[in-house]
Student: 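Got a structure for you, written out below as structure tokens; questions coming shortly.
The shown structure was predicted, so the numbers you read here are calculated from the model rather than taken from an experiment. Any value given below was found using the heavy atoms of this structure, including those in side chains, with hydrogens, waters and symmetry copies removed.
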Amino acid sequence: MGSKKRSSSSVEEEVEGKIDAVTDNVVVPNPLEKKKMKKDKKVDETLSIKPMERFKKRKALDKERRHAAVPENEEEPKKPKQLRVEPVAGEDHAPVASSSSSGLPEFHIDVFKDLALADGNVREAAAEAMVKELQAVQEAYERMENKDFVEVGLKLEAVKDDGLKNCAPSVRYAIRRLIRGVSSSRECARQGFALGLTILVGSIHSITLDSLLKLIVDLLEVTSSMKGQEAKECLLGRLFAYGALARSGRLTKEWNSDKNTPFIKEFTGILISLASKKRYLQEPAVSVLLDLIEKLPKEALLNHVLEAPGLHEWFEGSTEVGNPDALLLALKLREKIAVDSPIFNKLLLSPFIPSNLFTAAHLSSLANCLKESTYCQPRVHSLWPVLLNILLPEMVLQVEDSVSVSNSLKKHKKSRKCSSSEEEIAKNFQCFCDVIIEGSLLMSSHDRKHLAFDVLLLSLPRLPASFVPIVLSYKLVQCLMDVLSTKDSWLYKVAQNFLKELVAWVGDDDVRRVAVIIGLQKHSSGKFDSITRIKTVKDLMAGFKTESGCMLFIQNLTNLFVDEGNASEEPSDQSQTTDDNSEIGSIEDKDLVGTTGNSDFLKTWVVESLPSILKYLKLDLEAKFRVQKEILKFLAVQGLFTASLGTEVTSFELQEKFRWPKATTSSALCRMCIEQLQLLLANAQKGEGPRALANGLEANDLGAYFMRFFSTLHNIPSVSLFRSLSDDDKNTFERLEAMEKSLYREERNCGLSTDANKLHVLRYLLIQLLLQVLLRPEEFSEAASELIICCKKAFADSDIPPCSGEDEMDGDATPQLMDVLVDTLLSLLPQSSNPMRTAIEQVFRYFCDNITDDGLLRMLRVIKKTFKPARHQEAEDEEDDSDDENFLGIEEDEEIDEAKTGNTGETDEHTDDSEAVVGSGEVGKRDPEASRDSDEEDDDDDDATSDDSNGGTDDNVVSGEVGKEALDASDDSDDSDGGMDDDAMFRMDTYLAQIFKERKNQAEGENAHSQLVLFKLRVLSLLEIYLHENPGKPQVLTVYSNLAQAFVSPHIAEGSEQLGQRIWGILQKKVLKAKDYPKGEAVQLTTLESLLEKNLKLASKPFKRKKSAISSSKKKQSASWTRHKMVTSLAQSSTFWILKIIDAGKFLESELQRVLDIFQGVLVGYFESKKSQIKSEFLKEIFRRRPWIGHHLFGFLLEKCGSTKSEFRRVEALDLVAEILKSLVSTDESGQDASKKVMKSHLRELCDLIKDLVTNMPEKQSRRAEVRKFCGRVLQIISNLNLNRSFLKHLDSDAHAACEAQLGENFVNLKKVER
């Protein structure tokens, strides 16, 4: 930098640069004047003058050089560089090169400039060229007989006693120039000049070592007057000069020629002394010494290097001051000589073996040396790779990897006996991590933590997978979490890079993957990702691709769950015991940081992680089934059972040993295991492959395997269920188990048939219900009994045992099987978990073909249930909104009794209690039910069902506690179920009654509302399945009418945006836009007419602003407008759909008169009522799609257009007339006569309309243009059909004049054609 002072060596470079400026790239003649040598001597003396004087001298020399460069460039721009030139007048220079006059070859000094360039190739070429020329000069010099003449005439700089008497003057100059150059900080001068010095000293043996060592000290002397930077330049120059000497090989050659040479000891002592001067010189000085050690034989090291002055003292004091370079030198020397020496006793114990080096006591003594190696950050000190090579030999990794996978997959066996060497390496590595990584580096400063991560990354390439638990210790994982939890941390990027490299090291190795996942989660209580807010563990778990890797991971997770004593290496004052009472007590009394809490957190992660293994796994069905079985066994053993004697039980039938934790598993963890088991079975049912062989059902039937496994384990005397059951639940449990066995046998007998599929889904529902009984006892006994009866009745012809007496249904009073089944499913639905709902939907899918109208209406009745609206409503608003509810109220018998429920209607704003309870948060909140995507029209069977497996949290929202008071309150909900005395239906009504009762309590209102919404969403999923499976049945109209009514009703749809969106999606995708639609004789035209009339009325309804609109927020106004548009859109789409069904019905023209009357009424309201907001585009689209409607209404439309008082309506209706004319007039010749006949029949009305239009032209220009455009079209049609004469005949004279005035050429041309 320009602001820094240059060192004395730099001044010398500038002085020589003055010579280079004139003689650069040229050969200088050989003047013999002694004055110039004296002048050169004076130049040398400038080195000892004061800094300010040197600065002035340098400035003057720079000025002279710039002036000298101009004439040289101008006068001789093309002269070759090798040509001889005279020195610039007035300047005195010492001779710097040999010339032909002295008999020595030429030496080009421009190579010194190239030695300082940044390009390494240029520096190497310059160094080789320099040495080649100097070798030629030296050889010529040695061949000369009269060296005195050259000595006198060609001495460079001055006659000095530098000891290089046997060297040519150019060589002596080059050596001095190179030594001074290594102290220069400009560009790459040190590297280039050191390279030149290395080659030169190694090539020219006339350069004596004693002279060279003395010259280095003299030329790069550090004096007391030097400033810090100057001294640093000289010290670094010495370092580079000594490095050049060591790498030249001269010291080795010297020892080979003289075993008693003193130069090796002297050189070693000089480097040790230099290393002691400054910390930044230590490592490079030792590096230079190591270069020498590599070149010297063992004898030379023992007799010379180890005997060097100062080395012993340097080693002795290294542990106290913390000298990593002394330890590095000792390790390399001991490795080379392979002999224990007393000089190493403080650093290396005798005998020197890894087990002695890596003992805890010795590592503690070396800790200072290792900690102080941070001075060279961000680079890792050279000591660490050497130390790790001793600690982790490569052969260990090869041996370990070859047997790791096979031994890891051997379950419940003792680990293989490692050889003594492998055990010793593991012990050494453990001790190293405990003492150095954790005890010294991680507990210290940020720099040392950084070093700890770097050292561990260095060890990864050699690290066996079995050592990962040692690396990922408690302290290291805690350090990672502390750093990564704060992005502003100084070590954040360091820790991030460590994890990145660790994941890269894992690669596709499943053994490493498992070890890293377990290590990270074990010491973070399973919360590494959540605390660090990254996805390291999640991404690692998603990387399993093989069956063996999954099995290994499951085995490790099982061990982690069972061996909870090793889950945390940190002691805790809290008890390790976790029992059923662990959940009792306030939060304040629980210390989640304690061992018990951490253990439960970790076990929770284990339970949740096991099923998630299958999420990204892509295996064939057989391999995936084997993985599922291992997961199922763990969840069943840990969640369903406990061992009464000890913690291990062996099943001889299964030939397997099962283990439990020593501490009793908490009931919360058992419930979690059951929930995950339910989820595993549900996912297995969804992903089952085709059952190709009847006798191979059990092979991939996870449900069947679970029941056999459960039965076997349950029959072991020392194994019992994790909770005791009441007599009713125990009876229910046994009956469910027996029925599942019967259905399984029947399924195998059915082979491949529809009945087999029905039996299969019923079996899975029974299994889910069995687990639900364990999960929530005393809640499902009645529903289970009803389901068992349904199973027996559904397959009465099979060998399933008959019902018991108490379960039999009386003859004539027996309800339909499907009604009972639907009622049972509905009674299970509110309290069921996500997996159980999946099983319910699967059963409904296979049985919905036979559902009765009664059962369907019961489901729809749930959707239309609602809370009582606000009582303080204005009378007129009540009347208006009650109309909304009655628009599509087709099934009046199934309506909710308003006298009982208070369903009286409300304003559009619907500010009733339901909104007050739910609040604005209901709009943005998404339920698991509502979040499922229903946008796919052509879904397959699986897509038609709702996927409610989003965490299984709905069970906490939907309360299953239905008490006696709820039974009493059920009378308040509805009395339309008078004939429904079925127990299952009564339970569903009881559930609804409980919700309504909770609704009265404002404190529980929000929970009650959410329960009702979720219940409706679940029933909607069943209705969606029904529509998907039965798109062409007449019952679709019933479903449509009720869902449309629910959507239009503000009490139902607006209470929950999710519910409204769900109903909208089902209507759009499964009804209105479905490929199929209701057909057949069962479709009644009267029903379609009623639906059509109400939809058209709904499409005509105007948007009503609230009377309190001034105080209403813009957000509410916007929401109301959006809802109005959606309702209008639904009405329009429904109209098109109903007309499509009517067209497909092939009804007689006389039967369709009512349809035409409905449209005629709509047109009357359109022209005469301001309240009618039906869109002309909508009517135009109807006439385009169904031309027959327009044809029948054409005359009426012409009449109303002419008689209407609204100018806007008249002009707008012209598009409707034009659309009908377009379909009436045929373009082909065969239809011309028919078109002409129709037009003749309406010609008078058409003439009257045109007369009214041209005589009463609108005032607005745009409307006038529309009138002229319409009249032009009509005249063109009349002309094409040759009806000109008839048309003109119907026009009186006033109309003729008005047409000519308003229509111009169009009308004139028509008259011309007529003539």
Side-chain angles (χ1 to χ4, degrees), residues 611 628 675 677-691 697 700-707 736 739-740 743-744 746-747 750 752-772 780 783-784 786-788 790-791 794-795 817-818 820-851 855-856 859 928-929 932 934 936 939-950 952 954-955 984 1017-1030 1066 1070:
Q628 287 175 330
E675 289 170 358
L677 184 58
Q678 286 182 305
L679 185 61
L680 177 67
L681 290 168
N683 290 335
Q685 184 184 4
K686 286 181 182 179
E688 281 178 343
R691 299 190 295 275
L697 291 178
N700 289 332
D701 190 341
L702 195 65
Y705 178 82
F706 165 71
M707 292 305 295
L736 287 172
M739 179 54 63
E740 192 279 334
L743 293 182
Y744 177 68
E746 184 65 21
E747 181 185 352
C750 287
L752 298 176
S753 64
T754 304
D755 285 345
N757 291 329
K758 290 182 177 180
L759 289 162
H760 188 73
V761 295
L762 280 173
R763 277 183 47 238
Y764 269 85
L765 180 56
L766 290 173
I767 295 170
Q768 293 286 355
L769 191 55
L770 181 144
L771 293 174
Q772 201 75 4
F780 293 94
E786 296 292 341
L787 186 60
I788 291 172
C790 290
C791 293
F795 302 97
L817 171 65
M818 279 306 303
V820 178
L821 181 60
V822 168
D823 294 344
T824 304
L825 296 181
L826 288 177
S827 66
L828 288 172
L829 206 56
Q831 309 170 60
S832 61
S833 61
N834 288 333
M836 189 169 175
R837 286 199 297 276
T838 300
I840 291 172
E841 290 172 359
Q842 292 294 330
V843 170
F844 186 80
R845 179 193 303 280
Y846 283 101
F847 284 89
C848 67
D849 288 346
N850 301 322
I851 192 171
L856 195 60
M859 296 171 63
E929 293 279 354
R932 61 183 294 274
S934 61
E936 300 169 6
D939 297 339
D940 56 10
D941 290 350
D942 291 334
D943 293 336
T945 63
S946 64
D947 187 4
D948 298 325
S949 57
N950 295 332
D954 291 345
D955 297 328
L1017 289 169
R1018 294 170 184 177
V1019 176
L1020 282 174
S1021 296
L1022 298 184
L1023 290 172
E1024 184 179 14
I1025 293 172
Y1026 178 82
L1027 293 172
H1028 184 84
E1029 298 293 329
N1030 305 279
I1066 293 175
K1070 298 300 179 183

Student: For Arg1018 and Pro830, work out which heavy atoms get closest and say how close.
Tutor: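 Nearest heavy atoms, Arg1018 then Pro830: NH1-O, 2.6 Å.
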Student: When rounded to the nearest 0.5 angstrom, what distance separates CG in Leu1020 from CD1 in Ile1066?
Tutor: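 If I round to the nearest 0.5 Å, the distance is 4.5 Å.
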Student: Where is the tightest heavy-atom contact between Ala783 and Thr824, given as atom of each residue plus distance?
Tutor: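 Closest approach of Ala783 to Thr824: O-CG2, 3.8 Å.
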Student: Under 4.5 Å between any side-chain heavy atoms of Phe780 and Gln831, yes or no?
Tutor: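 Heavy-atom side-chain distance check passes, below 4.5 Å.
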Student: Which heavy-atom pair separates Lys686 from Thr838 by the least distance, and what is that distance?
Tutor: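 Between these two residues, the closest heavy atoms are CE-CG2, 3.5 Å.
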Student: Would you say that Tyr764 contacts Asp701 through its side chain, given a criterion of any heavy-atom pair below 4.5 Å between the two side chains?
Tutor: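 Sidechains of Asp701 and Tyr764: in contact.
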Student: Where do Val1019 and Leu826 come nearest, in terms of heavy atoms and distance?
Tutor: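 The pair with the smallest heavy-atom distance is CG2-CD2, 3.9 Å.
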Student: Leu856 vs Leu1023, test: side chain to side chain contact (heavy atoms under 4.5 Å, CB included). Steps then yes/no.
Tutor: CA-CA 8 Å; Leu856 195 60; Leu1023 290 172; 4.1 Å; yes
Student: Are Leu771 and Phe706 close enough, and set up right, to give a side chain to side chain contact (heavy atoms under 4.5 Å, CB included), and what steps lead you there?
Tutor: CA-CA 11 Å; Leu771 293 174; Phe706 165 71; 3.7 Å; yes
Student: In Å and rounded to the nearest 0.5 Å, what is the CE to CG distance from Met707 to Leu681?
Tutor: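 Rounded to the nearest 0.5 Å, the CE-CG separation comes to 10.0 Å.
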Student: In Å and rounded to the nearest 0.5 Å, what is the SG to CG distance from Cys750 to Leu759?
Tutor: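 Answer rounded to 0.5 Å: 5.0 Å.
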Student: Side chains of Gln772 and Ser833, heavy atoms from C-beta outward: is any pair under 4.5 Å?
Tutor: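 When only atoms from C-beta onward are counted, Ser833 and Gln772 do touch, with a gap below 4.5 Å.
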Student: Nearest 0.5 Å, please: how far is CG in Leu825 from CG in Leu787?
Tutor: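 One finds 7.0 Å between CG of Leu787 and CG of Leu825.
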Student: Of the non-hydrogen atoms in Leu1022 and Phe844, which two are nearest, and what is the gap between them?
Tutor: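 Nearest heavy atoms, Leu1022 then Phe844: O-CE2, 3.0 Å.
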Student: For Gln628, give me all partners under side chain to side chain donor-acceptor pair (under 3.5 Å), at least two apart in sequence or on another chain.
Tutor: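 Here no residue qualifies.
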Student: Using a 4.5 Å cut-off on heavy atoms from C-beta on, say whether the side chain of Gln842 contacts that of Leu765.
Tutor: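 No, too far: nothing below the 4.5 Å cut-off.
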Student: Does the pair Leu762 and Phe847 meet the rule for a side chain to side chain contact (heavy atoms under 4.5 Å, CB included), with working shown?
Tutor: CA-CA 10 Å; Leu762 280 173; Phe847 284 89; 3.7 Å; yes
Student: Less than 4.5 Å apart, any side-chain heavy atom of Met818 and any of Val822?
Tutor: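 They are in side-chain contact.
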Student: Mind checking the SG-CD spacing from Cys848 to Glu841? Nearest 0.5 Å is all I need.
Tutor: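 Cys848 SG to Glu841 CD: 11.5 Å, rounded to 0.5 Å.
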Student: Please determine which of Gln685, Gln768, Glu740, Glu746 meets the side-chain hydrogen bond (donor to acceptor under 3.5 Å, both in side chains) test together with Arg763.
Tutor: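 Single side-chain hydrogen bond (donor to acceptor under 3.5 Å, both in side chains) partner of Arg763 among Gln685, Gln768, Glu740, Glu746: Glu740.
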Student: Below 4.5 Å, heavy atoms only, C-beta onward: do Met859 and Ile851 meet side chain to side chain?
Tutor: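 Yes, side chains in contact.
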Student: Mind checking the SG-CG spacing from Cys791 to Leu743? Nearest 0.5 Å is all I need.
Tutor: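 The distance works out to 5.0 Å.
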Student: Can you name the closest pair of heavy atoms from Leu817 and Ala794 and give their distance?
Tutor: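 Closest pair (atom of Leu817, atom of Ala794, distance): CD2-CA, 3.6 Å.
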